[in-house]
Amino acid sequence: MKILVCITHVPDTTSKINFTDNNTKFDTNGVQFIIGPYDDYALARAIELKESLSATVTVLNVGLQDTEPTLRKALAIGADDAIRVNAEPVDSFFIATQIAEHAKTVGYDLILMGRESIDYNSGVVHAIVGEMLGMPSISPVMKLDVKGNTAKLAREIEGGKEYLEVTLPFVAGCQEPIAEWKIPNMRGIMAARTKPLQVVDATAVDSGVKLRKFELPPPKGSVKMISADNVAELVNLLKNEAKIL
Amino acid sequence: MPILVFVESAEGKIKKTSLEAIAYAHAMGGPVTAIALGTVEQSELEALGKYGAQKVLHASDEKLNQGLIQVYSTVLEKALEDENADILVLANSSLGTPVAARVAARLGASLASNVVELPDTTAGFSVKRSIYTGKAFAHVELSKPKKVIGIRKNAAEIKEVGSPVQITPYTASLNESDFATKITSSEQATGEILLPEANIVVSGGRGMKGPEHWSMLEELAKTLHAATGCSKPVSDMGWRPHHEHVGQTGVKVAPQLYIAIGISGAIQHLAGVNSSKYIVVINKDPDAPFFKAADYGIVGDAFEIIPKLTEAIKAAK
Ligand SMILES: Cc1cc2nc3c(=O)[nH]c(=O)nc-3n(C[C@H](O)[C@H](O)[C@H](O)COP(=O)(O)OP(=O)(O)OC[C@H]3O[C@@H](n4cnc5c(N)ncnc54)[C@H](O)[C@@H]3O)c2cc1C
Ligand SMILES: Nc1ncnc2c1ncn2[C@@H]1O[C@H](COP(=O)(O)O)[C@@H](O)[C@H]1O
């Protein structure tokens, strides 16, 4: 059984977001990069399945060389080998093409991703990869159990959950509580240094989405404080100033 | 050339976010053809005309009552072709987003999700999308002639611009292999206002002390016709269901009003609420970081303020 986990290399959730070069480039100054939190759930579940199904886990990132520490971290958490598709991840269709092209050469039984990246937040790469490989894609997955050739999943929908049954292979976008995040231990970190990390060239894609510029939201005005003894004033403001009630 | 809008329904009723998708396509210049799949109330479908649809296609096949992603993708791809439409607009959702992605992949279309505004067509065709979990926006050019646009809540304002239209029955093209994925069961809150659809959200954090105190929060929500939300620890501890968890790792909301009670305002929570139009924070700690992101704030004990606020709202009605 072969499992592929696709991970992003993204700013830590507490990062302040800034742009440079006339709002066309992300400012990495002072930013700490992590495995995308949803991808981290996917990886954690993959490691659990690796143990219970004696599977192998490959992690893949589409990115430039600076993402390698993030791939090494995934190896330290327990993945067996890593692939970096050497290219700037410019848009979802481009990224999905790289993942699908790699997956075709290996033939994975299970492809796990995060429900969404926390930089682009598109929530689409798993669906595009599914389409490209002619496989089902299911997201956001909160529970995933595999038995033989079939899997049982729970997917979050608006206001509830949906339970599904699907035959392998398929693509899943994961979120909590599918598994608990795993923290690498010393042994894992040592082992990760010598695990294979292969760099492959990207496939050319005729991309239909091009970045023009970034924009930051306007700064929030200052807060109006209302006395706890005067709750009616809040209602008044909501009604007459915000015009909501 | 018409713009095709996929409208979603729940319990036979069209979702409000789908009405926004119609309003969006109408504001783009239309003409708008709406398509609904599965069992939907006829009057709901006819009413789509009021919001800007010139034509309403309805594939009423019961096989479409379950929202299977591949099945819906096949139907919509074919409908775009049948209607000679180059643009598909839909509301982002657990069904809409993956369907948009698969249709775009099949057509080789330009795809954008989480779009927050009408496109800018002064030079080319670009849309503004929310990125970095609400902390920034990207303006992206959609250069392919075929485009698939997923909109976020509040991207367009629902307005009555027309009158009811007649429904055109539509025979969906079904592909047996798309049904290989089986939805075996589902559980869904009924009769509640759903979090992603709500205009007002009342949300509670660890400061609410325990699930037994949620009834007062629900009372406030009911008075406001609001949905209830919560912080991550609250759903982690099982005080509230997971689908109510708001933030970076939960639901991203964009209501007119977000009322946060006993929530400290961690950056990961703010990431899910920073698209709200107005934010009210009630917290006993005057230094709670949430006040910095708020429009209105009250320092005080939630258990005293919630009932008072509920009463004051009732009195103001
Ligand atoms: C990768 C990552 C992702 C995360 N994603 C999310 C997410 O999606 N959503 C999320 O919410 N969190 C998320 N978190 C967790 C987040 O960092 C905070 O820990 C969490 O939001 C805190 O929840 P809280 O505000 O309910 O609890 P606390 O931080 O404990 O705050 C409780 C608040 O209640 C106030 N209070 C106490 N008693 C009363 C009273 N009687 N009346 C009024 N106020 C009172 C206190 O002053 C305090 O401000 C994430 C964390 C990480 C690392
Ligand atoms: N550059 C990338 N490299 C590898 N996987 C990615 C990349 N970008 C996105 N993914 C995967 O696709 C998922 C959904 O991403 P998105 O569609 O951007 O929200 C992520 O959670 C990752 O698992």
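All chains are named by letter (A, B, ...) in the order of the sequence lines, taking the proteins before the strands, and each is independently numbered beginning at 1. As a basis for the values below, the full set of heavy atoms in this structure was taken, side chains included, without hydrogen atoms, waters or symmetry mates.
Of the two parts of A:Met225, the backbone and the side chain both hold a non-hydrogen atom closer than 4.5 Å to a non-hydrogen atom of chain B. The part of B:Ile69 that comes within reach of chain A is its side chain, from C-beta onward, which places non-hydrogen atoms under 4.5 angstrom from that chain. Interface remark: A:Lys161 contributes backbone and side-chain atoms alike to the contact with chain B (heavy atom separation under 4.5 Å). With a 4.5 angstrom heavy-atom cutoff, B:Val103 does not touch chain A via any of its atoms. The contact between B:Glu187 and chain A is made by backbone and side chain atoms together, counting heavy-atom distances below 4.5 Å. Heavy atoms closer than 4.5 Å to chain A are found in both the backbone and the side chain of B:Asp295. In this structure, chain B has heavy atoms under 4.5 Å from both the backbone and the side chain of A:Glu241. The part of B:Lys232 that comes within reach of chain A is its side chain, from C-beta onward, which places non-hydrogen atoms under 4.5 angstrom from that chain. The contact between A:Leu237 and chain B is made by backbone and side chain atoms together, counting heavy-atom distances below 4.5 Å. For A:Phe214, the parts lying under 4.5 angstrom from a heavy atom of chain B are both the backbone and the side chain. Contacts between A:Lys210 and chain B at a heavy-atom distance below 4.5 Å involve backbone atoms as well as side-chain atoms. Heavy-atom distances place the side chain of B:Ile200, and not its backbone, under 4.5 Å from chain A. Using a 4.5 Å cut-off between heavy atoms, B:Ala293 contacts chain A through its backbone alone, with no side-chain atom that close. Of the two parts of B:Leu142, the backbone and the side chain both hold a non-hydrogen atom closer than 4.5 Å to a non-hydrogen atom of chain A. Of the atoms belonging to B:Tyr132, heavy atoms from both backbone and side chain fall under 4.5 Å from chain A. Looking at B:Ser113, only its side chain comes within 4.5 Å of chain A, counting heavy atoms on both sides. In this structure, the portion of A:Ser139 lying under 4.5 Å from any heavy atom of chain B is its backbone and not its side chain. At a 4.5 Å heavy-atom cutoff, the contact between A:Ser207 and chain B is made by backbone atoms alone. Contact of B:Ala180 with chain A is made through the backbone alone, with heavy-atom distances under 4.5 Å.
In terms of heavy-atom pairs under 4.5 Å with chain A, the best-connected choice from B:Arg102, B:Gln188, B:Lys252, B:Glu197 is B:Arg102. Among the candidates B:Gly250, B:Pro241, B:Gly124, B:Pro286, the residue making the largest number of heavy-atom pairs closer than 4.5 Å to chain A is B:Gly250. Counting heavy-atom pairs closer than 4.5 Å to chain B, the top residue among A:Ala228, A:Ser117, A:Ala242 is A:Ala242. For chain B, the option among A:Ala154, A:Ser137, A:Ala232 with the highest count of heavy-atom pairs below 4.5 Å is A:Ser137. Annotation: maximal heavy-atom pairing with chain B below 4.5 Å, among A:Val124, A:Val235, A:Ile226, occurs at A:Ile226. Comparing A:Val166, A:Asn121, A:Val231 by how many heavy-atom pairs each has under 4.5 Å with chain B, the most go to A:Asn121. Note on B:Leu224, B:Asn199, B:Leu257: by heavy-atom pairs under 4.5 Å with chain A, the leading option is B:Leu257. Ranked by heavy-atom pairs under 4.5 Å with chain A, the first of B:Lys128, B:Lys146, B:Lys144 is B:Lys144. Most heavy-atom pairs under 4.5 Å with chain A: of the set B:Gly300, B:Ser130, B:Ser126, this distinction falls to B:Ser126. With respect to chain B, the highest number of heavy-atom pairs below 4.5 Å among A:Leu234, A:Thr167, A:Asn236 belongs to A:Leu234. Ranked by heavy-atom pairs under 4.5 Å with chain A, the first of B:Asp236, B:Ile183, B:Ile267, B:Val127 is B:Ile183. Top candidate by heavy-atom pairs under 4.5 Å with chain B, chosen from A:Asn230, A:Asp206, A:Asp229, A:Val10, is A:Asp206.
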For residues 18-37 of chain A, which side-chain donor-acceptor pairs fall under 3.5 Å, sequence neighbours excluded?
{"unit_1": "A:Thr24", "atom_1": "OG1", "unit_2": "A:Asp21", "atom_2": "O", "d": "2.5"}
{"unit_1": "A:Asp27", "atom_1": "OD1", "unit_2": "A:Asn29", "atom_2": "N", "d": "3.0"}

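Annotation for A:Glu180: atom CD does not count as buried by contact number, only 12 or fewer foreign heavy atoms lying within 6.0 Å. Residue B:Lys317 qualifies as enclosed at atom NZ: its count of foreign heavy atoms under 6.0 Å is above 12. More than 12 heavy-atom neighbours from other residues, nucleotides or ligands sit within 6.0 angstrom of NZ on B:Lys308.
Side chains of B:Asp178 and B:Thr74: a donor-acceptor N/O pair is present below 3.5 angstrom, by distance only. Counted by atom type alone, B:Glu8 and B:Ser93 present one or more donor-acceptor pairs between their side chains at under 3.5 Å. Of the N and O atoms on the side chains of A:Tyr41 and A:Glu176, at least one donor lies less than 3.5 Å from an acceptor on the other residue. With 3.5 Å as the limit, one finds no donor-acceptor pair spanning the side chains of B:Arg152 and B:Thr17. With hydrogens and angles left out, the side-chain atoms of A:His9 and A:Thr67 include no donor and acceptor closer than 3.5 Å. In summary, the side chains of B:Gln248 and B:Thr133 do present a donor paired with an acceptor at a separation below 3.5 Å, with no hydrogens or angles considered.
Residues B:His269 and B:Phe290 bring their aromatic ring centres within 6.0 Å. For an aromatic pair to be called close, the ring centres must be under 6.0 Å apart, and A:His102 with A:Tyr108 satisfies this.
Within the structure, the ring-ring contact (aromatic ring centres under 6.0 Å, His included) test picks out the following pairs touching residues 294-317 of chain B (sequence neighbours left out): B:His213-B:Phe303.
Counting heavy atoms from C-beta outward, B:Arg106 and A:Glu131 have side chains that approach closer than 4.5 Å. Within the 4.5 Å cutoff, the side chain of A:Met113 has heavy atoms near those of the A:Ile99 side chain. The closest side-chain heavy-atom distance from A:Ile77 to A:Asp40 is below 4.5 Å. The closest side-chain heavy-atom distance from A:Met142 to B:His242 is below 4.5 Å.
Judged by the 6.0 Å and 45° rule, A:Lys152 forms no cation-pi pair with A:Tyr163.
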